[in-house]
Amino acid sequence: MKLIYSISTLILFALPFSGISSETSETNGKLSVGDPIPAVAVLDQDGKTINLAEAAKNGYTLVYFYPKAMTPGCTAQACSLRDAYQDLQQKGVKIYGVSLDTVDAQKEFQTKESLPFELLSDTDHKVTAAFGVPLIKNSFATRQAYLFKDGRLVWLDTKASTDKQAADVLVVLSGNKRTAIEAGNKPGTEAKKSETGAAN
């Protein structure tokens, strides 16, 4: 009896530290595939209010999070989507980039890089909180991507790429589920856990 109790206790305490986790390729711990897009409103780079639930009601909507406008990694991520914008448009994808930057910073970023999609200013952390996106030092969003179809989550990537962001989304849209899962679990693309890394 003592042995059974000891083994049970050991398993109980080992679980949180083992590879077993509630977070998988189909959930970030808050949102899971099939969930509706959070009903949250936020200002875009022009100061216009965007209601994500309304905007994502029909067709595909990509909401991606990045640490800081006009930094190298975030620029590469945005430009990958810019360069593949026509392909994404042909698939009917609307794109919203989100960071904690101000409206003015988002406008400058959009103009500087000729980004053809909207950038959302989440200075009060409403969007990151609604999506369950972790913050680094309460100052930077981690790099993540969420694809919705008709307002429902169909794919998420909690270790989103920089220069391969568009390619990963196009893989998902191609319907190759196995490749899509691999794209969402690729190593080495997670946002750096430091202020310096966050700004890349």
Side-chain angles (χ1 to χ4, degrees), residues 28 30-31 35-136 138-158 160-163 165-166 168-170 172-173 191 198-199:
N28 68 350
K30 179 160 188 173
L31 289 183
D35 284 351
I37 188 168
V40 61
V42 65
L43 297 180
D44 71 2
Q45 73 287 334
D46 295 319
K48 183 177 75 177
T49 299
I50 302 295
N51 183 315
L52 283 174
E54 194 62 35
K57 200 159 44 175
N58 298 307
Y60 285 105
T61 303
L62 175 70
V63 181
Y64 81 94
F65 294 83
Y66 56 96
K68 189 166 177 60
M70 292 170 289
T71 53
C74 300
T75 299
Q77 186 181 19
C79 289
S80 82
L81 293 165
R82 177 200 65 194
D83 296 345
Y85 190 67
Q86 190 173 350
D87 293 335
L88 291 162
Q89 285 288 281
Q90 285 174 357
K91 302 279 190 183
V93 181
K94 297 185 287 287
I95 302 170
Y96 296 95
V98 185
S99 72
L100 307 187
D101 291 289
T102 63
V103 167
D104 289 344
Q106 298 290 44
K107 184 63 177 178
E108 184 181 352
F109 187 30
Q110 186 197 49
T111 302
K112 183 181 177 186
E113 302 302 335
S114 302
L115 303 177
F117 47 85
E118 289 169 290
L119 302 179
L120 308 181
S121 172
D122 190 31
T123 53
D124 57 5
H125 307 180
K126 276 197 306 189
V127 186
T128 46
F131 276 73
V133 174
L135 301 181
I136 302 165
N138 213 38
S139 300
F140 306 100
T142 53
R143 202 181 304 284
Q144 302 196 359
Y146 298 81
L147 184 66
F148 297 85
K149 183 179 182 184
D150 299 333
R152 296 274 171 181
L153 184 63
V154 293
W155 174 80
L156 71 159
D157 186 354
T158 58
S161 182
T162 52
D163 59 340
Q165 180 70 88
D168 290 342
V169 174
L170 287 167
V172 175
L173 294 169

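Numbering of residues begins at 1 and proceeds along the displayed sequence.
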Problem set entry | Shortest non-hydrogen contact between S121 and T102, atoms and distance | OG-C, 3.4 Å
Seminar exercise, completed: Smallest heavy-atom separation, A145 atom then L62 atom, equals CB-CD1, 4.3 Å
Exercise. side-chain contact (heavy atoms from CB on, under 4.5 Å) with K126: which residues, sequence neighbours excluded?
Worked result: V40, D122, D124
For this session: For the pair L88 and L173, evaluate side-chain contact (heavy atoms from CB on, under 4.5 Å) and give the outcome as yes or no after the intermediate values.
Result: CA-CA 9 Å; L88 291 162; L173 294 169; 4.3 Å; yes
Exercise. Where the side chain of S80 meets the backbone of Q77, is there a donor-acceptor pair that is under 3.5 Å apart?
Worked result: yes
For this session: Mind telling me whether F148 and F131 have parallel, tilted or perpendicular rings, with 30° and 60° as the class edges?
Result: perpendicular
Problem set entry | Main-chain N/O of V93 paired to Q89 side chain as donor or acceptor, under 3.5 Å | yes
For this session: Enter the distance from L120:CG to S99:OG here, rounded to the nearest 0.5 Å.
Result: 9.0 Å
Exercise. Taking T158 for the side chain and Q144 for the main chain, is one N or O donor matched with an acceptor at less than 3.5 Å?
Worked result: no
Exercise. Shortest non-hydrogen contact from F65 to A141?
Worked result: CB-CB, 4.4 Å
Problem set entry | Side-chain (T142) to main-chain (P134) donor-acceptor, under 3.5 angstrom | yes
Exercise. Is there a side-chain contact (heavy atoms from CB on, under 4.5 Å) between V98 and V133 once you walk through the steps?
Worked result: CA-CA 11 Å; V98 185; V133 174; over 6 Å; no
Problem set entry | Nearest-0.5 Å distance that lies between atom CG in L119 and atom OH in Y66 | 4.0 Å
Exercise. Where is the tightest heavy-atom contact between Q165 and A160, given as atom of each residue plus distance?
Worked result: OE1-CB, 3.4 Å
For this session: Mind listing the closest non-hydrogen atom pair of N28 and G132 along with its distance?
Result: ND2-O, 3.8 Å
For this session: Look up atom OG1 in T75 and atom NZ in K112, then write down how far apart they are to the nearest 0.5 Å.
Result: 6.5 Å
Problem set entry | C74 versus R143, closest heavy-atom pair with distance | SG-NH1, 3.5 Å
Exercise. More than 12 non-hydrogen atoms from neighbouring residues, nucleotides or ligands closer than 6.0 Å to CD on Q86, yes or no?
Worked result: no
Exercise. Can any side-chain N or O of T162 pair as donor or acceptor with the backbone N or O of G73 at less than 3.5 Å?
Worked result: no
Exercise. When rounded to the nearest 0.5 angstrom, what is the spacing between CZ in F109 and NZ in K68?
Worked result: 11.0 Å
For this session: Could you tell me whether the side chain of V172 reaches within less than 4.5 Å of the side chain of D157, counting heavy atoms only?
Result: no
Exercise. For the atom pair OH (Y96) and NZ (K94), what is the distance rounded to the nearest 0.5 Å?
Worked result: 6.5 Å
For this session: Enter the distance from I95:CD1 to L115:CG here, rounded to the nearest 0.5 Å.
Result: 9.5 Å
Exercise. Is there any side-chain hydrogen bond (donor to acceptor under 3.5 Å, both in side chains) pair reaching into residues 36-50, and which pairs are they, with sequence neighbours excluded?
Worked result: D46-K107
